[in-house]
Amino acid sequence: MAWVVRVEQIARIWALLAGAVLLAIMAATSLNTLSFLIGRFTGPFGFVPPALPGYEDFVSLAIAVAALAFMPWCQLQRGHIAIDIIVSRLPETISNMIDKAWLVLLTAVCLFLAYWLATGMIEARSDNAMSPILGWPRWPFFGPGIISLLLWANVCATQIFTPSERAQSGQ
Amino acid sequence: MTDLPAEMIGTLGLGALLVLLIARVPVGLAMVAVGIGGNYALSLALPYLRFEPYLRNFKTLLFDTVSSYELSVVPLFILMGFLASEAGLSRDLFHGLSTLIGRIRGGVAMAAVLACGAFGAVCGSSLATASTMGRVALPELARLNYAPRLAAGTLAAGGTLGILIPPSVALVLYAIIVEASIIEMFQAAIVPGLLAVLFFLFVIWLQVHRKPSIAPLPPRIEGTERSRALRRLVPVMAIFGVIILGLGFGLFTPTPAAAIGATIILLYGLALRLRAKRAGEDGGLSREGLSRSLLATANTAGMIYFIVFGAEVLKGFLTRAGLPAALAGWAGGSGLDPWLILIGFLVILIVLGCFLDSLAMILVVVPFFWPALLELNGGDFVSASDAVFGMDGEALKIWFGIIALVVVELGLITPPVGLNVFIIASIAQSTKGAGGQNQSRAMTDTFAGVMPFFSVELVRVALLLAVPGLCLFLPGWLAG
């Protein structure tokens with residue numbers, strides 16, 4: 001199943017890219033805080049290092065990209081928490097069927113969300129929606145989110161069509 | 001359907017949610033499905049609640065939910081915890097503390113509790129605390145011939161400290177949903193968190209005092225090994241201290257604290273790696289370790305964000321169905337003793353905690369109870385002297401949040417879904433000599449071992465109920 005391996009590799013790389021975005025947020029926040037802390041001590045002497053302008057804008061937009069990019073990897077790892085009180089005690093065929101049913105539902109939800117996010121992106125572009133301080137247009141940040149949702153749907157699809165023993169693990 | 005009142009549809013929706021959860025549907029997905037399906041049902045029953053305009057919310061609802069600046073603290077805290085684990089800080093912490101107090105009978109188990117408490121200060125999640133400290137401490141406790149029940153119970157209970165000791169992801173989420181100050185919630189959690197540590201230490205002491213053979217005295221650690229363990233403890237405690245004191249004294253707000261903490265741990269881990277490489281050893285934060293941290297963060301943060309989004313969708317449905325308002329109205333007009341209702345809410349949380357995930361409880365159940373409790377207390381603008389619980393709305397928010405969280409945390413160690421117990425049992429299973437080698441034995445040992453800790457947790461809840469000052473003193477004092 002080459003396409004399964006391919007989807008898994010892409011989800012891994014996508015999650016690592018999201019991790020890199022998180023590291024960028026970490027660095028920007030640390031720099032901003034550091035300049036604020038230095039300013040607290042040096043302020044009385046007339047020196048206040050500049051904070052990063054629009055830092056909260058950057059964090060808000062970047063974290064949205066990262067958070068959605070985490071989803072396919074989380075799905076691949078069966079990380080979305082579920083509660084197993086009864087299902088694992090049912091016969092394997094029934095338990096597998098239930099598992100596949102919610103994977104189909106999740107695929108549909110991912111596609112539904114991707115559709116509406118794409119509609120939202122088009123609208124944000126036509127409305128020229130911008131971040132309040134930096135004045136960055138918001139719509140380009142929807143793009144990676146749409147890709148993440150489509151990738152998430154793809155991961156679900158691979159899990160529907162792959163043997164379910166892996167599906168049992170993790171929860 | 002068209003004859004059903006909105007509240008009834010809301011209640012049926014909650015029933016459907018429970019069925020989906022029992023059917024092992026992921027929590028986030030179950031909430032999204034019930035939220036959308038419930039709104040459709042509402043639109044059929046009440047034509048003025050049209051479905052199509054509701055659907056258009058999804059153009060921005062997902063993006064707006066995940067782009068919250070306040071929520072950005074969650075992945076940063078998670079990253080900090082995983083970096084600390086990968087860089088070996090959790091190991092250094094446990095070894096340093098067990099070197100310090102290991103010669104007391106039961107001291108290594110006590111060191112494990114203290115290490116869980118300290119690790120909770122860089123890790124916002126109970127599950128991560130339990131799994132990280134379990135992997136570090138359980139093999140050591142097994143090597144020293146500690147009774148498997150004591151060892152596993154200590155780690156499963158110790159892991160729960162991560163949910164309360166600041167910074168805590170659960171506290172952040174609670175603060176966001178009830179619009180409380182995250183910093184004040186963190187400050188309020190410090191004393192109850194320390195109280196839990198003390199209680200757990202007492203439980204270990206009591207068990208060991210009654211039956212010394214369950215915790216044999218380990219050989220004395222001498223010379224270079226001892227000084228190396230203590231030397232490594234100092235920077236770890238300094239890093240953890242900076243984060244918790246910075247947060248406690250309001251030097252940082254949560255997001256900067258998480259970012260600074262993660263940066264310091266990243267740099268410290270890289271420095272350790274450099275030194276280890278020069279000495280030809282293995283240690284510190286490797287490139288693979290960094291990748292693993294990022295992927296583990298993606299896994300945990302992805303799960304939390306999906307639940308948060310699911311809760312947002314579900315909240316929309318329940319609010320439209322008028323359920324929280326109906327519960328608040330019922331509580332206000334029931335004529336029952338408010339304390340009885342409060343205790344009833346807590347009992348419901350304990351029972352639901354046996355089946356539901358803790359984050360789902362905080363995001364779904366607590367928002368239900370909060371308006372009812374506020375109503376019982378005398379409303380939004382009641383003064384402390386006129387309020388039923390003797391405190392104004394802001395203080396009630398903090399007090400109830402802490403108690404609810406302590407109660408929710410009990411769900412992590414109660415059957416059948418005690419997640420910490422599962423984690424520790426699976427580690428015990430793979431640890432030679434701990435808890436036997438079969439799964440059911442490891443589970444039985446862990447559940448049995450955790451019971452004494454569960455009992456003192458109930459005492460702690462009673463104490464926090466009886467003495468609200470334990471939660472409220474520190475935020476009040478620090479605010480001047």
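Predicted model, so just to flag it, every value in this text is computed and none were measured. Chain letters run A, B, ... following the sequence lines, proteins first, then strands; residues in each count from 1.
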For this session: May I ask you to name which of A/D57, A/L105, A/V109 has the most heavy-atom pairs under 4.5 Å with chain B?
Result: A/L105

Problem set entry | Nearest-0.5 Å distance that lies between atom CD1 in B/I260 and atom CG in A/L34 | 5.5 Å

For this session: Please look at B/V32 and chain A and tell me whether the side chain, the backbone, both or neither of the residue comes under 4.5 angstrom of a heavy atom of that chain.
Result: side chain

For this session: Select, from A/Q75, A/R12, A/M121, A/M71, the one with the greatest count of heavy-atom pairs under 4.5 Å involving chain B.
Result: A/M71

Problem set entry | Closest-packed option against chain B by number of heavy-atom pairs under 4.5 Å, given A/T33, A/L37, A/I25 | A/T33

Exercise. Are the side chain of A/W73 and the backbone N or O of B/L295 linked by a donor-acceptor pair below 3.5 Å?
Worked result: yes

Seminar exercise, completed: Turns out that what part of B/L266 lies under 4.5 Å from chain A's heavy atoms comes down to side chain

Problem set entry | Nearest heavy atoms of A/C74 and B/A298, plus distance in Å | CB-O, 4.1 Å

Exercise. Distance-only, no hydrogens or angles: does the A/W102 side chain make a donor-acceptor pair with backbone N or O of B/R24 under 3.5 Å?
Worked result: yes

For this session: Please round to the nearest 0.5 Å and tell me the distance separating atom CD of A/Q77 and atom CE of B/M303.
Result: 13.0 Å

Exercise. Should B/P75 and A/F70 count as side-chain neighbours, where that means a heavy-atom distance under 4.5 Å?
Worked result: yes

Problem set entry | Close side-chain approach of B/L79 to A/L23, heavy-atom, < 4.5 Å | yes

For this session: With a 4.5 Å cut-off on heavy-atom pairs, point out which of B/L294, B/N299, B/T65 contacts chain A the most.
Result: B/N299

Seminar exercise, completed: Okay, B/I36 and chain A: the region with an atom under 4.5 Å from a heavy atom over there is side chain

Problem set entry | Partner chain B: residue of A/T119, A/N32, A/L149, A/V87 with the largest heavy-atom pair count (under 4.5 Å) | A/V87

For this session: If the plane angle is over 60° it's perpendicular, under 30° parallel, otherwise tilted; pick one for B/F63 and A/F142.
Result: parallel

Exercise. Using non-hydrogen atoms only, which part of B/I264 is less than 4.5 Å away from chain A: side chain, backbone, both, or neither?
Worked result: neither

Seminar exercise, completed: When the 4.5 angstrom heavy-atom criterion is applied to B/A30 and chain A, the contacting part is neither

For this session: With side chain to side chain contact (heavy atoms under 4.5 Å, CB included) as the test, would you mind laying out the steps for B/L76 and A/M26 before giving the verdict?
Result: CA-CA 7 Å; B/L76 288 170; A/M26 183 186 88; 4.0 Å; yes

For this session: Hey, could you give me the OG/CG distance between B/S67 and A/L68, rounded to the nearest 0.5 Å?
Result: 9.5 Å

Exercise. Which bit of A/W14 is near chain B, if near means a heavy-atom gap under 4.5 Å: side chain, backbone, both or neither?
Worked result: neither

Exercise. So do the side chains of B/T255 and A/T29 get within less than 4.5 Å of each other, counting heavy atoms only?
Worked result: yes

For this session: Check whether B/N57 gets within reach of chain A through its side chain, its backbone, both or neither, counting any heavy atom under 4.5 Å.
Result: neither

Exercise. Can you pull out the residues in residues 128-135 of chain A with any heavy atom less than 4.5 Å from chain B?
Worked result: none

Exercise. Among A/L61, A/I86, A/L113, who wins on heavy-atom pairs under 4.5 Å with chain B?
Worked result: A/L113

Exercise. For the atom pair CD1 (A/I98) and CD1 (B/I22), what is the distance rounded to the nearest 0.5 Å?
Worked result: 11.5 Å

Seminar exercise, completed: Turns out that what part of A/Y55 lies under 4.5 Å from chain B's heavy atoms comes down to side chain

Exercise. Below 6.0 angstrom between ring centroids: does that apply to B/F58 and A/F112?
Worked result: yes

Exercise. Is there a side chain to side chain contact (heavy atoms under 4.5 Å, CB included) between A/L106 and B/F306 once you walk through the steps?
Worked result: CA-CA 12 Å; A/L106 185 52; B/F306 191 33; 3.9 Å; yes

Problem set entry | Per-residue contact mode, A/I122 against chain B (heavy atom under 4.5 angstrom) | neither

Exercise. Among A/L31, A/V65, A/V59, who wins on heavy-atom pairs under 4.5 Å with chain B?
Worked result: A/V59

For this session: Could you tell me whether B/Y40 atom OH has more than 12 heavy atoms of other residues or ligands within 6.0 Å of it?
Result: no

Exercise. Stepwise, does the side chain to side chain contact (heavy atoms under 4.5 Å, CB included) test hold for A/I63 with B/V66?
Worked result: CA-CA 7 Å; A/I63 201 67; B/V66 296; over 6 Å; no

Exercise. So which part of A/E123 gets closer than 4.5 Å to some heavy atom of chain B, the side chain, the backbone, both or neither?
Worked result: side chain

Exercise. So, do A/L117 and B/K59 sit near enough that their side-chain heavy atoms are less than 4.5 Å apart?
Worked result: no

